[in-house]
Amino acid sequence: MIKITFPDKSVKEFESGITGFEIAKGISSRLAKEALSVGVNGEIYDLLRPITTNAKIAVYKWEDKQGKDTFWHSSAHLMAEAIESFWPGVKLWVGPSVDSGFYYDVDFPEGMAITEKDFPKIEKKMLELAQKKNQYIRSEVAKEEALKHYTEKGDEFKVDLINGLEDGTITFYTQGDFTDLCKGPHLLDTGYIKAIKLMSIAGAYWKGDENNKQLTRVYGITFPKKKLLDEYLVMLEEAKKRDHRKIGKELELFTFSSRVGLGLPLWLPKGAKLKERLENFLKKVQIEYGYEPVITPHIGLKELWEISGHYAKYGKDSFQSIKTPAEGEEFLLKPMNCPHHCEIYKCKPHSYRDLPIRYAEFGTVYRYEQSGELHGLTRVRGFTQDDAHIFCRPDQLKEEFIKVIDIVLYIFKTLDFENFTTQISLRDKEDKEKYIGSDENWEKSEQAIIEVCEEKGLKTTVEIGEAAFYGPKLDFMVKDALGRSWQLGTIQVDYNLPERFELEYTGSDNEKHRPVMIHRAPFGSMERFIAVLTEHTAGKFPLWLTSEQAVILPISERFNDYAKEVMNKLKLTDVRVTVDDRNEKIGKKIRDNEVKRIPFMLIVGEKEVEGNTLSVRKQGEGDIGTMTIDEFSNFINNRVAEELK
RNA sequence: GCCGAUAUAGCUCAGUUGGCCAGAGCAGCUGAUUUGUAAUCAGCCGGUCGGCGGUUCGAAUCCGUCUAUCGGCUCCA
């Protein structure tokens, strides 16, 4: 007998070899019907895989991430089966589930290819196969046998996979006529899969290494009900409407020009005002936190980055140097502001009493991103960092780091970013060539970040090998409308640049000491932040931030003078307002300004002129009543104050 | 940079198997209308059909190439 512990902590005894399916059935027939896989001591099992030890179990359904993973992984096998039936001779690499759906990496033989035109026939075939309710059958295979099988088949991919596995852990899964090396788990049978949509084709390097052969990656998604697929497709359409590239165009925030160059955003007046307002917001916060503004040029001598180590690492994949008439003189466009700030620090001697020193600058930097990598405002070649460098004593590091976290959290709270995640990026100790600086300093900085996050109670994930080459970092990530994750705020601890630039301060012991440096950018980049904010708000920016808070709509041209009078009065009280004095009907003006997402519309006609009032209409909601000019002005300014609290 | 798809007016899109001067709606301009809570009417303007080269009597349409965009991969100081 074995002991099974349920999620509610209750314990029951079963015969050894009982399956998740039987346990679920014992609870209710409905649960058995909905169950997709079962968690056994943290591992995910097929429903029919015997459980032979005492275990904590959890039954996973579609609603659970693990359930979806099982569902989509089985779907990947189903797709592979369909693809193999049309293109015999294809070699399969891996087919995992992803956030929404699954993919399979496939190597098509020379001269064979799949296109999106093939999707309908593959989907149809998959549905046919699904309806056969073929069972997914697990079998354990000896390593030698597995190797032999795939060597004979000439499948170098699977041979490579198996070589990386230990004997005794190798399993195959078979459904219908299709067998694949796989550790599972899988659904009971293909019949669970009711709705199928192949999404796209992409190239993907084998093992993620760009020196390797490129395989064809086919993305798809499946559902246990047709209705769920329809809903998903509607959701995708909705998400597209929030795309910052689309809204940016509609609201005239920014544009690009192929003549100016790829990835170099041009801010239009409305976007520029928004960006400026956002910068002023942070400037104000930074003053409270003791930052001091500095301004540095957009270029610097090449030597500057040779000292920092950036040139050795990124020089040849970057914008190339700017030459001057002087022999041998070379400048680089600055890819970051740190070296300039280090030089500012060095302009005079510092006492331990001066520290921490916090230099802040909205610095525009240029990085030559690969062309295929550019993406709207989220990945560009020229962007403004809300950068600052904090030079502090080692004993101040923690406190300073915490203060930076507070700034980031304050910003996220003010802008309603609730669903952010935080990631600690550490170096990969196995791959020391990628990093500069001593082990001791790395240990110190990594430890500092981990401790601080613990103290602040941040829920973090730790990624090994994701650190910057000069130090570990803490990143704040937010998802865009389509669920793609973007890094916004970043905080980095750096012992290396102070070393390289020989930064010093005089301690209380009258000896020279090396300061620690914190790089930080709460927004990350203004461009990316505005992109993500645009998608987050669907272009309905908060009142304090938006360029036009209200627009006055005269009923007819007869009321244009009154409208202008109102506008001037409101402007005196810092309300950002314009007049729509076009010769159009009121319905048309309302519609146009609704589409422009102006938060408030102020309608003025006969009644308003007589009563010296405004009819206020809220964007997306409709008429909210009559106010005097003063009342409206207070209304707006109170709301702005509330938002910025 | 790599794989795949796409490229028609400022924007969103039609354009059948190659065949008359390449179309529509919105935006813009002109005029009429003077309007009460999501589109008033009429007229006009606007395009080397992404660039270049080829096939053809004839190319937006077929082929090649370059560029850009989109979806991924790799990368992201």
Can you tell me the Watson-Crick or wobble partner of [N], both distances under 3.5 angstrom?
N	answer
B:C49	none
B:A5	B:U69
B:C20	none
B:C44	B:G28

Would you kindly check whether a donor in the side chain of [X] faces an acceptor in the base of [N], or vice versa, at under 3.5 angstrom?
X	N	answer
A:Arg617	B:A38	yes
A:Arg558	B:U34	no
A:Gln214	B:C2	yes
A:Tyr205	B:G72	no

>> Are A:Tyr470 and A:His519 an aromatic pair, judged by ring center distance below 6.0 Å?
In response: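 Centroid distance A:His519-A:Tyr470: below 6.0 Å, so yes.
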>> Tell me if the aromatic rings of A:Tyr435 and A:Phe469 count as close, with their centers under 6.0 Å from one another.
In response: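 A:Tyr435 vs A:Phe469: aromatic centres not under 6.0 Å.
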For a quick test of reading the model: is some side-chain N or O of [X] closer than 4.0 Å to OP1 or OP2 of [N]?
X	N	value
A:Lys588	B:A27	yes
A:Arg484	B:G71	yes
A:Ser371	B:G1	yes
A:Arg217	B:G4	no
A:His375	B:U69	no
A:Arg379	B:C70	no
A:Lys473	B:A77	yes

>> When you compare the side chains of A:Glu608 and A:Ser615, does any donor N or O come within less than 3.5 Å of an acceptor on the partner?
In response: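 Note: A:Glu608 and A:Ser615 side chains meet the donor-acceptor criterion.
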Look at all strands and tell whether [X] reaches a base, only sugar-phosphate, or nothing, counting heavy atoms closer than 4.0 Å.
X	value
A:Ser615	base
A:Glu584	base
A:Lys585	base
A:Tyr219	sugar-phosphate
A:Ile586	sugar-phosphate
A:Lys607	base
A:Gly605	base
A:Arg245	sugar-phosphate

> Does A:Tyr470 or A:Ile114 map to a spot on RNA chain B nearer the 5' end, using the closest nucleotide for each?
Replying inline: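 The residue closer to the strand's 5' end, by nearest nucleotide, is A:Ile114.
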>> Return whichever of A:Leu374 or A:Val616 has its heavy-atom-nearest nucleotide of RNA chain B closer to the 5' end.
In response: A:Val616
> Would you say the side-chain atoms of A:Gln320 pair up with the backbone N or O of A:Gly315, donor to acceptor, closer than 3.5 Å?
Replying inline: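 Answer holds: yes.
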Nearest-angstrom distance, [atom1] atom, [N] to [M]:
N	M	atom1	answer
B:G64	B:U55	C1'	11 Å
B:C49	B:C41	P	32 Å
B:A38	B:G31	P	29 Å

> Which residues satisfy the side-chain hydrogen bond (donor to acceptor under 3.5 Å, both in side chains) test with A:Thr490, sequence neighbours excluded?
Replying inline: A:Asp475, A:Gln492
> Would you say A:Tyr314 stacks on B:A77, if stacking means ring centres under 5.5 Å apart and planes within less than 30 degrees?
Replying inline: yes
> Does the pair A:Thr378 and A:Glu527 meet the rule for a side-chain hydrogen bond (donor to acceptor under 3.5 Å, both in side chains), with working shown?
Replying inline: CA-CA 6 Å; A:Thr378 48; A:Glu527 284 72 9; over 6 Å; no
> In whole angstrom, what separates A:Asn211's CG from B:C73's P?
Replying inline: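 It works out to 18 Å between those atoms.
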> Between B:C2 atom P and A:Lys213 atom NZ, what is the distance in whole Å?
Replying inline: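 Spelled out: NZ on A:Lys213 to P on B:C2 is 17 Å.
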>> Please list all pairs meeting salt bridge (charged side-chain N to carboxylate O under 4.0 Å, His left out) that have one or both residues in residues 490-501 of chain A, counting only residues at least two apart or in different chains.
In response: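 Of all non-adjacent pairs touching residues 490-501 of chain A, those that pass salt bridge (charged side-chain N to carboxylate O under 4.0 Å, His left out) are A:Glu499-A:Arg514.
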